[in-house]
Each structure stands twice: as structure tokens, then as C-alpha cells.
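I have a structure here, written as C-alpha cells, and I will follow up with some questions on it.
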Protein chains: 2
Amino acid sequence: MANTDSLRVRVFSLNCWGIRYVSKHTPQRYDMIGELLSKEEYDIVLLQEVWSEKDYLSLKKKLAFCHPHSHHFKSGVIGSGLAIFSKHRIHDTFLYRYSLNGYPYMVQHGDWFGGKAVGMAVLKLGGLTANVYVTHLHAEYSRDKDSYLPHRVVQAWELQQFVRHTSAAADVVILGGDLNMHPQDLGSRLLMSYTGLRDSYLESAEFDGCEDGMTLIADNPFIGKGSMGPLEKGIRIDYILFKGSSEKDVHCDFMSTTKGSAPDHPFPYSDHEALTAALRVETRQRPSKNQGSAGGKTAELVDIVTEARTEVKVGLHCAERMRYTAARTGAMGLALLFLELAIAAVPWLALGAAQPFPRTSFYLLAALCVAILFTTALLYVFYSAELKSLQGAEDQMRLAVGSLQEELRGFPVAQPHGAQRGALGPEE
Amino acid sequence: MANTDSLRVRVFSLNCWGIRYVSKHTPQRYDMIGELLSKEEYDIVLLQEVWSEKDYLSLKKKLAFCHPHSHHFKSGVIGSGLAIFSKHRIHDTFLYRYSLNGYPYMVQHGDWFGGKAVGMAVLKLGGLTANVYVTHLHAEYSRDKDSYLPHRVVQAWELQQFVRHTSAAADVVILGGDLNMHPQDLGSRLLMSYTGLRDSYLESAEFDGCEDGMTLIADNPFIGKGSMGPLEKGIRIDYILFKGSSEKDVHCDFMSTTKGSAPDHPFPYSDHEALTAALRVETRQRPSKNQGSAGGKTAELVDIVTEARTEVKVGLHCAERMRYTAARTGAMGLALLFLELAIAAVPWLALGAAQPFPRTSFYLLAALCVAILFTTALLYVFYSAELKSLQGAEDQMRLAVGSLQEELRGFPVAQPHGAQRGALGPEE
């Protein structure tokens, strides 16, 4: 494999929907997934929502013969749910936890507890260094009124930063996962433009799968009927992305998705469709040009980052309002407590007068006030941290726009600086 | 500067101890720091414990003429306290938040609220790309009984990962900050061996400053008398570290620290001493050898990572015990609540019997039980997240040791893989 002119890499990605006792038919579906992976023997398997360590370990055992190398990325309270299985030795791993990930009190959405992150594994494919990333961004629960949008934009921002800054030494970069973003969403554009990653669905010479490459389809029996909207057949939110380097070029020969069912089984592998991509790595005939049309790309990037900044500012405004509300509610709780104590104190001070405050009500009201104070204090701290993260991202974006604009002004004299080498420059 | 054969870079690092209303003489000290920086015009200024945004902004204003580029890294509830001021344009920034950072209930230590992190800035120095890192690790409150050691070891692990994986495209790497580790501590060895970073105090051709390069000294008037122990004059826990690349070599010509006082001022700049290093970047006459004695370095690294794994396992054991204690205390709170309800229910069921439970005690006891339940639930969640992070670091270390051992076995046939290029290989 390493000695031929081109290197072939088969990549698999699936959101396993592995919430024990909540997701449907979890054990049977893991069996099916294990069976599929044993049969297909992909080079690299990227899984999301493998929440349970036990499920990961049983997969690991089952796949030991074909995927002797694996890693389960741990973070948050429950875990990141991210796992990688590989035919090739994993030399190094690294995990980046996103700074924002929803709200702990949105228990029904549960994202906060998952500790969303992006995991990286450094593999050797033949003689080449491959940086493989697996990630899962915050879910979108409502397209029209998506209150998590600023969080997801910041996650996309941090994802592109992580990929861009850690992949300079890699010959091949592969990213797979559930981005929870449509192809034209701000976060997708931010990720693809800044890193230079290419979408295997769009780049593939051949495709077999759901219409428009959709990965969350209305026909999947695990998807609630009607949850997609009456007209929508599905959405494309899972991706396998890739790029080469100045010396290596990567092509996608074939890409496929499952189609809402698994052959010879009563139900599909998951509520998401599985993705596979057959990539081919080749040595570039001539090293990639460093300048080319990069000016146009930089200008586009300035627009996208500016759009992202606006979205983050909306998030900042919301977080500030929420923190203010928490502070005001807390202050009212405190005032109520003082008022109650004052009312109770008056007859006590006017010695001997009858206590007008029924004892039960007194204690209940006091407990309520203390509960309000405690909760609002926690919320205040939480929103303060959210504000810090949003402000941090906004600062970084402002700085990046400044640097990109300078690059644009100085174009083509200024070289793209090191960390962006191969990212801003065109791939061919 | 860029056109001469060698490039000179002057770096400054200081833990500013900038806790408003708590640290002594904060406004005066910031004035002094601003004055010093305006006068000295260092290329790169790395500050820690700049907790207040206002103090950062006032410094920014004061230094605008000599350091037009700056960034304040934001994270956690209060912030990361990390700031960078630069003569040269900052092209890009990135922040990595450590997964572990003490305990929120250790309010008197406060580290948890600070959101400890490592900040990175990509600068252009002449035509070279410099990756500059600033960080502040968890404080050590007791050397003999350091309950935060596993947290600090995991922070050092994550710091070396971050530097190693993000610096592949850099010609020059500079790291400054308060590591809260002595030079021979496990975390220091882990950081230096894995990244190949060199200590400017040890490497400097000339040194002027405190004995043994100490940066926290007993003679500093802000240090509590006796807090250093009776025999100790001070410790060295602040550093400026650097390395070059396969093409660039970095030398330290001069290094200095302040000596517990500031000229013409009644008190020093901070409770820590300030560090300055004069670095010189030169093009290597011959590209750095890739193999050399790297075998010995790899073997040493295996030992260090194994030692770190042991320390993390101790942390895991402690966190498991703490989580168990939280669960048991919670269960006892619940049992007490049920018992109380049962005692209260008996006479209520035996209609008409007198209520034997005084109402006040009943409510107080119930409130106590609920408070116990709530607190232990929060602690359980917190310890679960701590366990996940420790397990994650342990997994990564195990995997790294495996990969290093394979490299050692295959030595010198196997090439060091991309991400470690220039890290494991010797500098000269």
C-alpha cells in the first residue's frame, strides 16, 4: 500500500445514537454496526454518540481483529461520545473541548452533559502522516428559532482553529462527524473556507446513497414523523471532509450513504445514515501554487468571519440579557427574604404581641427565597462564563479579520503565514 | 531586523497578581508595569493574572505606542488572566482550556474560577512565523501534601500536547508563564522532554537576577513571611522557554529577573519576579539532524510519561473515592428525609393523634436533607466530569507510551512522525 504510487483510504462515519435505555434497539444496532465494520474493514472508522464506555469496549473487542487500534475520547460528565477505530496504529491523540455547548438546565436536550468536543488522532498511512478528526456539534432543535446558533457558530470557529493549527505537519487531513449544520450554513462555510477542507459528497467522482446526500432522512423509522417538516425529505448534516498538503493531493473516488435501512435487518443502524468515502492520496506532480486565486478566497473569508462575528454578537446580547434577568430575579428573591424577615421581626420586637405570620408559610416562603437566591447565583456564574467565551471568540474573530484584511491589502506581496499554509492557498 | 542574518527578540513575562481589591497596591503596580514596558519596549510581553478587563484595557491604552498589538484571552467565569502585548502584528490566536483546574468549592484557592488555559498567538517576526504561548497552571498550595498534583500533571500533559501539535508550522516557538512547577518537577520534565522546549535560564549565555533564577522569593515584601518554609529562599516556577525548527536555531544571549524590588519604587511589580530573555534566531548552517541521540530521548520520554500515568492514576483513585463519598452522603440524606417523613406520617395516619414532631424542627430537618441531596448531586456530577478527564488523559498517555515504545523498538528505521518533527529530534 505504501509502495504504490497512490494510497487508498476508506473512511466510515456514523452517529450511532447510542443512548443506553433511551435510544431504540441500542444493543441490536451495535451488533449490526460491529458486523458491518467487521465485514467492510474500513481503514478508519469515526463514530459519534458512543456514549457508553461498555458499548465502546464491546465494539473494541469485536473489531480487534480488523481494527486493532482505537480510542474513545472522554470529556464532560457523560463523555464526548467520540470514538475512532483504525487499521493503522494511532500514534497520538488530542482532544479539544468546545467552550460553549448549550445550557445545563436544558436537560431534555442533554447536549451540555455530553461535553461536545473534537478528537484528533495522528496515524501513519503507509509513509504518510494523517491527522484524523472526529467531532459532533450541538444539535439544532428548531431551524426557525435556533437559540443555540451562536453556540454552534463558536463551535465551528473553534473547530476550524483546531484543525488549522494542528494539521500543519499532516500530509492528509480527514474530518468526519455529525456537524449538525447544513452545507450552506454559516458554520459549514466558516469551517470549509478557513481550513480548505473539501466535502467528499461534492467532490466524489461517484455517489451512491440518499437523494442530495442526505444523512438524516424522513424515511428512517427512528425519525419522528413530521419532525422534518411536511415538505422536507431530509437534511445533510453528517460529513466526511478531507484535504491534502502542498505535496499530497487527495481525491474522492466514491462516496456512499446508507438509505434508511440495513440489508437483512428489521431496522437501520441508527437514526442518522452512515457515510463512507473512498479517498485516494497522490503525490502532486508540481507542488501546489501558493498564491493563485487566494486573494478571492481571502475576501470571501473576511465576509464569512464578519457574518460569524455578527452571530456571536447576537449571542452576546442574549447572554447579557439572561445574566441580567438572573441578577434581577436574585435581587427580588433577596428583597422578598428581607421583607419577610422584617414582617416577622416587627411583632417579635413589639414584645409579647401575637405572631401574625403562620409558621408554615414563614418557612416555606423563606425556603423559596433561598432557593431563588441559590439558583440565580448559579445561573449568574454560568452566564458569566458563557459571556467570557462569546467575548473571547468575538475578540479572536475581530483580530482574524484584521489580519486577513491586511493580507488582502498587501496581496500578493505578503505570504500567507505559516499556520495558514495550505489552508488559504488553493488545493490545486 | 528581518534583513540581517540573525533576528533578535526580547521577551518579557510576569505574573501580575492583579486581583482587584485583594492584591496589594494593584493600581500602583499596574502603573509601574506600564512604565517599565513603555521604557523597555520588549518585542513580546506575556502577562499572567491580569484578571480585570479594565486593567488590561488601561495597559493597552498606555502601551498603544510601543505595543500596538495585543490580546486578552478570555475563559472561565473570571477569565484566564492571560494577556499578550506585541510590537509585531498578531495574525491569529487560539485558546486551549485545561480540562482540570481544581475544585469550585475550594473558593479560598480560587483557581477553578480562573479558567486556567494556554493562549497562543501567531506572530510574524521579520519573515519568520513565531508561535507564542502564554500560560498559568494551577497553584501549588502545599509542596508536601499537594492534592492538586494530578490536576497539574494533566495540565502539563495538555500543555505539551497543545504546543507540540500547534507548532509544526512555526520557525520559532516561545512559551512564557507561571507554570507553578519547579524545574525538576514531573510536569516540567514532561513539558520540556516532549516538546523539545529549552529553558532560557539554563541556556542563557549571561544571567542577571535572583540566585538560582528564583522567581518567587522570600525577600519579596508581598510574600507572606514563613510561607516559603524556614530554609527556602525562594523557588523557580516562572519560565521563558523557546525552541527553533529544523531550519532555524534559537539562542538565548541574556536572561534576567527582577530581584524583589523595583528601582525608585517603594514595592516590587508583583509577588512574582519578572523575567526577560533576549533571544537570537539564526538560520541553521546545516539542517538539524533527524536521528542522532533521539533514541535516548525517546526512552527518557517513556519513563516520564509512565511516571505521569502513575500520578494520574493516583488522581483517579482520589476522584473515585470522592465521588463515592458524595454518593454515600447523598444516600444518607435521602434516607434521613424518608425517615423523617415516615415519623411525621405515622401520627397523621393514626387520625387525630397529636403531632409529636415540632413543626420548626421538621422544616429545618427537611431543609437540611434537601440541601444535602442537592449538594451531593452537584458534587457527584462534578467528580464524574473530573474522572472522565483523568481517564481521558490516562488513555492518551497509555497510547503515547505504546507509540513511543514502538518507535524505540523500530529505531532507527522508523522516522519520527510528522507531528513530532523537531520535537523529539535534538535541537542541534
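The structure presented is a predicted model; accordingly, all values stated were derived computationally and were not measured.
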Let's test your reading of the structure: which of A:Ala400, A:Ala170, A:Ala371, A:Ser75 forms the most heavy-atom pairs below 4.5 Å with chain B?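 So the answer, after comparing A:Ala400, A:Ala170, A:Ala371, A:Ser75, is A:Ser75.
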Enter the distance from A:Gln396:CD to B:Leu95:CG here, rounded to the nearest 0.5 Å.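 Going from the CD atom of A:Gln396 to the CG atom of B:Leu95 covers 6.5 Å.
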With a 4.5 angstrom heavy-atom cut-off, is it the side chain or the backbone of B:Thr93 that approaches chain A, or both, or neither?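 Contact with chain A: backbone and side chain both.
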Answer yes or no: is there a side-chain heavy-atom contact under 4.5 Å between B:His165 and A:Asn131?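 B:His165 does not reach A:Asn131 side chain to side chain.
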With a 4.5 angstrom heavy-atom cut-off, which part of A:Phe94 approaches chain B: side chain, backbone, both or neither?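 Both backbone and side chain.
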As an exercise, state the distance from CZ of A:Phe73 to CG of B:Asp395, rounded to the nearest 0.5 Å.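 Output value for this atom pair is 10.0 Å.
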Supply the atom-to-atom distance A:Lys124 NZ to B:Glu406 CD, rounded to the nearest 0.5 angstrom.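 If I round to the nearest 0.5 Å, the distance is 11.0 Å.
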So which part of B:His72 gets closer than 4.5 Å to some heavy atom of chain A, the side chain, the backbone, both or neither?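 Interface part for B:His72: backbone (N, CA, C, O).
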Taking the inter-plane angle between the rings of B:Phe374 and A:Phe374 on a 0 to 90° scale, is it parallel (under 30°), tilted (30 to 60°) or perpendicular (over 60°)?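 If you compare the ring of B:Phe374 with that of A:Phe374, the planes turn out perpendicular.
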Determine whether B:Arg164 and A:Asp92 make a side-chain contact, defined as any pair of heavy atoms from C-beta on separated by less than 4.5 Å.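 The answer is yes; the side chains approach within 4.5 Å.
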Looking at A:Ser70 and B:Leu399, what are the two nearest heavy atoms and their distance?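 Closest pair (atom of A:Ser70, atom of B:Leu399, distance): O-CD1, 4.2 Å.
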Please classify the contact of B:Leu390 with chain A as side chain, backbone, both or neither, using a heavy-atom distance under 4.5 Å.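 The answer is neither part of B:Leu390.
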Answer yes or no: are there more than 12 heavy-atom neighbours, outside B:Glu53 itself, under 6.0 Å from its atom CD?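 Enclosed: over 12 neighbouring heavy atoms sit under 6.0 Å from CD of B:Glu53.
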Would A:Arg97 and B:Arg97 satisfy side chain to side chain contact (heavy atoms under 4.5 Å, CB included), going step by step from the backbone distance to the final call? CA-CA 8 Å; A:Arg97 291 157 191 84; B:Arg97 292 157 191 83; over 6 Å; no
Step-by-step side chain to side chain contact (heavy atoms under 4.5 Å, CB included) determination, A:Leu387 to B:Lys74: CA-CA 9 Å; A:Leu387 271 172; B:Lys74 295 183 181 67; over 6 Å; no
If you count heavy-atom pairs under 4.5 Å with chain B, which of A:Gly402, A:Ala385, A:Gly392, A:Ser389 comes out on top?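 Option with the greatest count: A:Ala385.
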State whether the number of non-hydrogen atoms from other residues, nucleotides or ligands found under 6.0 Å of B:Tyr380 atom OH is greater than 12.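 Check fails, neighbour count at 12 or below.
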Top contributor to chain B interface from A:Glu386, A:Glu158, A:Arg89, A:His71 [non-hydrogen pairs under 4.5 Å]: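 The option with the most such pairs is A:Arg89.
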B:His91 and A:Glu407, any side-chain heavy atoms less than 4.5 Å apart: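 A side-chain contact is absent here, since even the closest heavy-atom pair is not under 4.5 Å.
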With a 6.0 Å cut-off on the ring centroids, do A:Phe162 and B:Tyr96 count as close?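 No - the distance between ring centres of A:Phe162 and B:Tyr96 does not fall below the 6.0 Å cut-off.
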